[in-house]
Amino acid sequence: FPVTIGGSWTNITGATTTPYSFSGMTSSTYYRCVVTCTVSGSSSTSRIVFVRSSACYCRPTYSTAGMSCTSYGMSIDTFATTGFGSSRLFDNMACDGSGYLRRTGLVVDMMQTFTYNVTISSISSTYQMACQTWIDFNDNGTFESSESMGGLASYSGTGGTGSSGTFNITIPYTVPPGLHRMRVVNSYVPSGFIYPSMNPCTPGYTYGEGRDYTVNVLLLPPHIVTGK
């Protein structure tokens, strides 16, 4: 099981049985398998496989995450958007009291230059909440300020029906196609964290929750120009 490092192949120590598993990969790497016949000594090499390493993302933390979930209804109840074509992201998974849920298995297609409507809600109709989203378009493991994609300075509800709000996400023409992580955080407005100045990684949140999803950016097709 050799692996390329700087263009050369290096054997993985102990990788002489099948199946074989290991941990500790820190960067995206190419792999191949070399099988050698013990009788003839002849060898055959498999196809090369590229394994992408997931970036190490920060996690937002909430000092009262448990109460946000179980007592006050301030966590994210639903997060939904309809993407390109028939693609849709809908998350109504119950909070677990940790203050963060990794929901990257939920993927929505979004095309360059298109604008998409996003809905977020919380169970409580009593408290004013703010939210903000980011998409890591350069896949460097950091949600930069230039990657903030929208949010709400305040959303709330009336009549005990929960709180909800909508906002738009527009995918820039210049971002690369492919899979990118999207982060959404919400926070209790009086705690001082308000869109558009929220932080995707702050350890200082009190009430609320953060969740991650995946956006599949689609390449804008070239315009077809016809002439006489």
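Note that this is a predicted model, so its numbers are computed, not measured. Heads up: numbering here begins at 1 and tracks the sequence. The figures that follow rest on heavy atoms only: side chains count, while hydrogens, waters and symmetry mates do not.
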Task: Reference residue Pro60; test side-chain contact (heavy atoms from CB on, under 4.5 Å); the match among Val184, Thr202, Val185 - done: Val185
TODO: Look only at the side chain of Gln132 and the backbone of Pro200, and say whether a donor-acceptor pair between them is shorter than 3.5 Å.
DONE: no
Task: Pair Phe143 and Tyr57, ring centroids less than 6.0 Å apart - done: yes
Open item on the list: If hydrophobic clusters are built from ILVMFWY residues whose side chains come within less than 4.5 Å, do Leu106 and Met149 share one?
Closed with: yes
Task: Closest heavy-atom pair and its distance - Thr170, Thr113 - done: CG2-O, 4.1 Å
Task: Closest heavy-atom pair and its distance - Met74, Asn186 - done: O-ND2, 2.9 Å
Task: Candidate list Ile171, Leu218, Asn216, Val175, test side-chain contact (heavy atoms from CB on, under 4.5 Å), partner Met110, passing option - done: Ile171
TODO: Specify the closest pair of heavy atoms between Ser163 and Tyr155, including all atoms of both residues, with the distance to one decimal.
DONE: OG-CE1, 3.8 Å
Task: Pairwise distance OG1(Thr115) to CD1(Ile169) - rounded to 0.5 angstrom - done: 10.0 Å
Open item on the list: Do Met111 and Leu220 make a side-chain contact, defined as non-hydrogen atoms from C-beta onward lying under 4.5 Å apart?
Closed with: yes
Task: Heavy-atom side-chain contact between Glu147 and Thr142 under 4.5 Å - done: no
- [ ] Check the side chains of Asp212 and Tyr100 for a donor-acceptor pair under 3.5 angstrom, ignoring hydrogens and angles.
- [x] yes
- [ ] Consider only side-chain N and O atoms of Thr214 and Thr104, and report whether a donor and an acceptor are under 3.5 Å apart.
- [x] no
- [ ] Can you measure from OG1 (Thr78) to CD1 (Ile123) and round to the nearest 0.5 angstrom?
- [x] 9.5 Å
- [ ] Establish whether Tyr20 and Tyr31 are linked, either directly or via other cluster members, by ILVMFWY side-chain heavy-atom contacts under 4.5 Å.
- [x] yes
TODO: Please examine the side chains of Met198 and Trp134, heavy atoms only from C-beta on, and report whether any two atoms are closer than 4.5 Å.
DONE: yes
Task: Within-4.5 Å side-chain heavy-atom neighbours: Met93 and Arg211 - done: yes
TODO: Begin from the C-alpha positions of Asn117 and Thr82 and carry the test side-chain contact (heavy atoms from CB on, under 4.5 Å) through to its verdict.
DONE: CA-CA 7 Å; Asn117 184 260; Thr82 298; over 6 Å; no
Task: Electrostatic pair Arg181:Asp136 at N-O distance under 4.0 angstrom - done: no
Open item on the list: Quick check: closest heavy atoms across Ser124 and Thr126, and the distance to 0.1 Å?
Closed with: OG-N, 3.0 Å
Task: Shortest non-hydrogen contact between Gln128 and Ser154, atoms and distance - done: NE2-OG, 3.2 Å
Task: Under 3.5 Å: donor-acceptor pair, side chain of Thr133, backbone of Gly150 - done: yes
- [ ] Name the orientation class of the two ring planes belonging to Tyr127 and Tyr188 (parallel below 30°, tilted from 30 to 60°, perpendicular beyond 60°).
- [x] perpendicular
- [ ] Say whether Tyr205 and Val189 are linked into one hydrophobic cluster, either directly or through other cluster members, by side-chain heavy-atom distances under 4.5 angstrom.
- [x] no
- [ ] Kindly indicate whether the side chain of Ser122, heavy atoms from C-beta on, has any atom under 4.5 Å from the side chain of Glu209.
- [x] no
- [ ] Taking the side chain as every heavy atom from C-beta outward, state whether Ile120 and Ile76 have any atom pair closer than 4.5 Å.
- [x] yes
Task: Distance, nearest 0.5 Å, that separates CZ of Phe114 from OH of Tyr173 - done: 13.0 Å
Task: Heavy-atom check, side chain of Ser75 versus side chain of Tyr62, under 4.5 Å - done: no
Open item on the list: Ignoring hydrogens, what is the shortest heavy-atom contact between Thr36 and Gly41? Give both atom names and the distance.
Closed with: CG2-O, 3.8 Å
Open item on the list: Could you tell me if the side chain of Thr64 sits less than 4.5 Å from the side chain of Tyr207, heavy atoms only?
Closed with: yes
- [ ] Kindly compute the distance separating OG1 (Thr81) from CZ (Phe90), expressed to the nearest 0.5 Å.
- [x] 12.0 Å
Task: Exam field: side chain Ser68 to backbone Gly208, donor-acceptor pair closer than 3.5 Å - done: yes
- [ ] Fit a plane to each ring of Phe79 and Tyr213, take the angle between them on a 0 to 90° scale, and name the class: parallel (under 30°), tilted (30 to 60°) or perpendicular (over 60°).
- [x] parallel
Task: Distance (rounded to the nearest 0.5 Å) between Cys69 SG and Asp77 CG - done: 10.0 Å
- [ ] Look at the side-chain heavy atoms of Ile, Leu, Val, Met, Phe, Trp and Tyr, link any pair under 4.5 Å apart, and say whether Phe84 and Leu89 land in one connected group.
- [x] yes
Open item on the list: Rounded to the nearest 0.5 Å, what separates atom OG in Ser191 from atom CE in Met129?
Closed with: 7.5 Å
